[in-house]
Colleague: 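Mind having a look at this structure? Questions to follow.
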2 protein chains.
Amino acid sequence: MTLKPKGETVGSDILQRMREDILGCTLAPGTKLRFEALRTRYDVSFSTLREALARLVAESLVVAHGQRGFAVAPVSLDDLRDLTQARVLLECEVLRLAMERGNDDWEANILASYHRMERSQDRLGQHYYLDAKWSTLHGAFHLALVQACGSPILLEMRAQLYDRANRYRRMSSQFRKKWRPKEIEHKAIMNAVLDRSPEAVTMIGGHIQETTDNVIEFAGHMFTDAAEDSTGIAV
Amino acid sequence: MTLKPKGETVGSDILQRMREDILGCTLAPGTKLRFEALRTRYDVSFSTLREALARLVAESLVVAHGQRGFAVAPVSLDDLRDLTQARVLLECEVLRLAMERGNDDWEANILASYHRMERSQDRLGQHYYLDAKWSTLHGAFHLALVQACGSPILLEMRAQLYDRANRYRRMSSQFRKKWRPKEIEHKAIMNAVLDRSPEAVTMIGGHIQETTDNVIEFAGHMFTDAAEDSTGIAV
DNA sequence: ATAATCAATATTTTCGAAAAAACTAGATTC
DNA sequence: GAATCTAGTTTTTTCGAAAATATTGATTAT
């Protein structure tokens with residue numbers, strides 16, 4: 001059965017689970033979300049499911065087809081490129097602001113989150129990038145870089161874009177023939193940020209663009225320009 | 001009763017109506033959204049209401065308080081400033097992209113929407129800025145400027161920020177002691193855009209910032225830094 | 001006096017059934 | 001053969017009641 005913190009709703013728990021299943025590709029892009037199957041999967045009623053789906057529609061993770069139900073948002077090359085463009089804009093700005101406004105605690109948190117990520121890499125070995133825990137620490141590191149930007153709105157927008165991009169990255173992981181030495185790149189970015197160097201902004205933008213270029217190189221064949229496959233739920 | 005296009009849902013109609021009521025301040029900022037009152041107002045069941053509210057939470061127009069229901073998103077000086085900062089970033093970027101990518105049709109559409117707005121102003125007289133129809137045409141003009149940016153994601157984010165900012169503008173309208181000659185400004189921006197002058201980007205940024213400065217000057221007293229008034233629904 | 005407890009009431013959340021709409025397959029028409 | 005119609009079935013949406021939770025005011029304890 002579902003677990004929820006006191007004062008929170010079953011619905012918000014389901015929302016989080018569905019979000020994770022979509023971002024983690026357990027619910028594959030384009031999948032038609034049938035209520036009977038969802039009810040079996042999440043063990044809640046249709047109305048509760050609809051509420052979570054409504055939220056996810058607004059987050060662009062699910063598309064609503066009027067009276068014909070819902071589907072997991074598709075993936076496409078166009079969307080990935082657009083997403084990347086938006087991310088470069090947002091990430092560069094929040095990083096610029098953070099370097100302007102960040103204090104010692106911000107710096108300390110960057111170092112701490114880098115350390116955690118690095119330690120995790122050491123422990124996991126060569127294919128650390130396939131690990132969900134590492135992915136979480138990776139996300140935390142990038143968030144730490146920009147945490148001090150002072151703009152809740154930009155941070156929220158950034159977070160959604162980050163998650164959506166992460167879905168593409170995750171989908172491409174299994175096809176990776178070669179992996180960039182990200183740890184070197186992450187360290188260089190961190191040092192530039194801690195130095196408050198304007199070069200850090202250029203580096204983060206390049207980091208993001210290059211990730212997309214690699215995703216397209218290794219897994220571009222999985223994405224179409226109007227990918228709308230409906231393949232049913234992988235349950 | 002509710003009217004809905006074929007294939008669409010009652011729920012999506014309610015969503016649109018609630019969104020309009022929030023953005024138009026008929027549902028005042030901070031208002032606790034009680035289900036019995038909402039049911040009377042919109043004539044649909046709790047579950048349908050909850051679905052619309054879930055969407056609006058994700059759009060930052062409504063806040064969810066766990067098991068204690070929903071409320072219209074509050075307004076505050078911090079939020080307005082943050083919103084403005086985000087808008088300047090987004091608007092400048094989509095305008096820059098549009099000038100890069102726009103074609104003749106884009107230009108023609110700008111001229112047409114400017115003309116409609118101007119004609120409306122002529123007809124409405126001195127206080128045109130209080131008119132809802134003008135506000136719609138004003139929004140259409142600004143959208144036309146950036147329509148050719150080629151980024152659905154940036155356009156969607158821009159649209160949400162625009163609407164949220166418009167709520168503040170609307171709230172300040174009634175307190176206006178003086179109104180900037182916006183028609184001159186709009187025309188100057190349009191001409192700079194049509195010339196594809198980089199100056200247009202600076203102008204749009206200034207236009208937005210100045211609007212906020214004026215909103216704060218005339219109506220800043222209405223906003224607090226942590227405005228969380230719950231005053232009930234104005235029905 | 002203030003703080004804690006408790007019961008009654010109000011409100012919110014979730015459920016599952018009814019109503020509405022979409023889908024499918026077979027029959028009929030051109 | 002393709003297009004249209006129809007009835008039955010499936011799926012989705014909406015409804016309203018039951019279950020769960022929060023709120024409120026009275027009572028008791030310190």
Side-chain angles (χ1 to χ4, degrees), chain A residues 1-19 27 30-58 61-73 228-235, chain B residues 1-19 27 30-58 61-73 228-235:
Chain A
M1 190 50 84
T2 56
L3 299 171
K4 58 177 181 74
K6 179 170 166 57
E8 262 306 332
T9 63
V10 168
S12 66
D13 180 57
I14 299 300
L15 167 64
Q16 182 61 24
R17 286 171 60 194
M18 284 178 80
R19 189 188 282 122
L27 292 176
T31 302
K32 181 119 175 68
L33 298 167
R34 296 181 179 280
F35 283 95
E36 205 51 67
L38 289 180
R39 196 164 70 102
T40 301
R41 184 187 184 89
Y42 297 106
D43 196 33
V44 289
S45 74
F46 288 6
S47 298
T48 304
L49 289 166
R50 293 187 64 86
E51 218 174 299
L53 289 171
R55 272 291 286 267
L56 294 168
V57 167
L61 296 179
V62 166
V63 287
H65 294 309
Q67 295 269 357
R68 292 175 295 126
F70 300 83
V72 178
E228 305 258 13
D229 284 349
S230 295
T231 56
I233 296 184
V235 287
Chain B
M1 190 52 85
T2 54
L3 299 172
K4 59 175 179 74
K6 180 170 164 59
E8 263 307 331
T9 63
V10 168
S12 66
D13 179 57
I14 298 301
L15 167 64
Q16 182 59 27
R17 286 171 60 194
M18 284 178 81
R19 189 188 282 123
L27 292 177
T31 302
K32 180 115 172 71
L33 298 167
R34 293 180 182 284
F35 283 93
E36 203 53 65
L38 288 180
R39 195 162 72 98
T40 301
R41 183 187 185 89
Y42 297 106
D43 197 33
V44 288
S45 73
F46 287 6
S47 297
T48 304
L49 289 166
R50 291 188 64 86
E51 220 174 298
L53 289 171
R55 274 288 289 265
L56 294 169
V57 168
L61 295 179
V62 166
V63 287
H65 294 310
Q67 295 268 356
R68 292 176 295 128
F70 300 84
V72 178
E228 304 259 12
D229 284 350
S230 294
T231 56
I233 296 184
V235 285

Colleague: Please report the distance, rounded to the nearest Å, between CG in A:L33 and P in D:dT12.
Modeller: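 Interatomic distance, CG of A:L33 to P of D:dT12: 9 Å.
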Colleague: Rounded off to whole Å, could you give me the CZ-to-P distance for the B:R39 and D:dT14 pair?
Modeller: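 Atom CZ in B:R39 sits about 16 Å away from atom P in D:dT14.
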Colleague: Measure CD/B:Q67 against C1'/C:dA10 and give the value in whole Å, please.
Modeller: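 Atom-to-atom, B:Q67 to C:dA10, this comes out as 14 Å.
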Colleague: Whole-Å distance between D:dC15 P and B:L38 CG?
Modeller: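 Between P of D:dC15 and CG of B:L38: 14 Å.
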Colleague: Measure from the side-chain heavy atoms of A:F35 and tell me the nearest of D:dT12, C:dT12, D:dC15.
Modeller: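 Nearest to the side-chain atoms of A:F35, counting from C-beta on, is D:dT12.
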Colleague: State which of D:dG16, C:dG16, D:dT14 makes the closest approach to the side chain of B:T9.
Modeller: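 The listed nucleotide nearest to B:T9's side chain is D:dT14.
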Colleague: How many whole angstroms separate atom CD1 of A:I14 from atom P of C:dC15?
Modeller: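 It is 8 Å, rounded to the nearest whole Å.
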Colleague: Assign each of B:G66 and A:F46 to its nearest nucleotide of DNA chain C by heavy atoms, then name whichever residue's nucleotide is nearer the 5' end.
Modeller: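 Counting from the 5' end, the first nearest nucleotide belongs to B:G66.
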Colleague: Measure the distance from CD on B:E51 to P on D:dC15 and round it to the nearest whole Å.
Modeller: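 In whole Å, D:dC15 P lies 11 Å from B:E51 CD.
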Colleague: Which of these, B:L53, B:T31, B:L27, sits in a side chain to side chain contact (heavy atoms under 4.5 Å, CB included) with B:V62?
Modeller: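 Going through the options one by one, the only one that passes is B:L53.
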Colleague: Any side-chain heavy-atom pair from B:E8 and B:D13 closer than 4.5 angstrom?
Modeller: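 They are not in side-chain contact.
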Colleague: Return no unless some side-chain N or O of B:K32 is found under 4.0 Å from OP1 or OP2 of C:dT12.
Modeller: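 Indeed, a polar side-chain atom of B:K32 lies that close.
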Colleague: Would you say the side-chain atoms of B:E51 pair up with the backbone N or O of A:E51, donor to acceptor, closer than 3.5 Å?
Modeller: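 Judged by distance alone, no pair lies under 3.5 Å.
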Colleague: Could you check whether the side chain of B:T48 and the base of D:dC15 have a donor-acceptor pair of N or O atoms closer than 3.5 Å, going by distance alone?
Modeller: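 Result: no qualifying N/O pair found.
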Colleague: So if I apply the side chain to side chain contact (heavy atoms under 4.5 Å, CB included) rule between A:L49 and each of A:L15, A:I14, A:L33, which one comes out positive?
Modeller: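 For A:L49, the side chain to side chain contact (heavy atoms under 4.5 Å, CB included) check succeeds only for A:I14.
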Colleague: Take the protein atom CZ of A:R68 and the nucleotide atom C1' of C:dA22, then report the distance between them rounded to whole Å.
Modeller: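 Roughly 9 Å, once rounded to whole Å.
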Colleague: Over how many whole Å does the gap from B:E36 atom CD to D:dA22 atom C1' extend?
Modeller: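 These atoms are roughly 17 Å apart.
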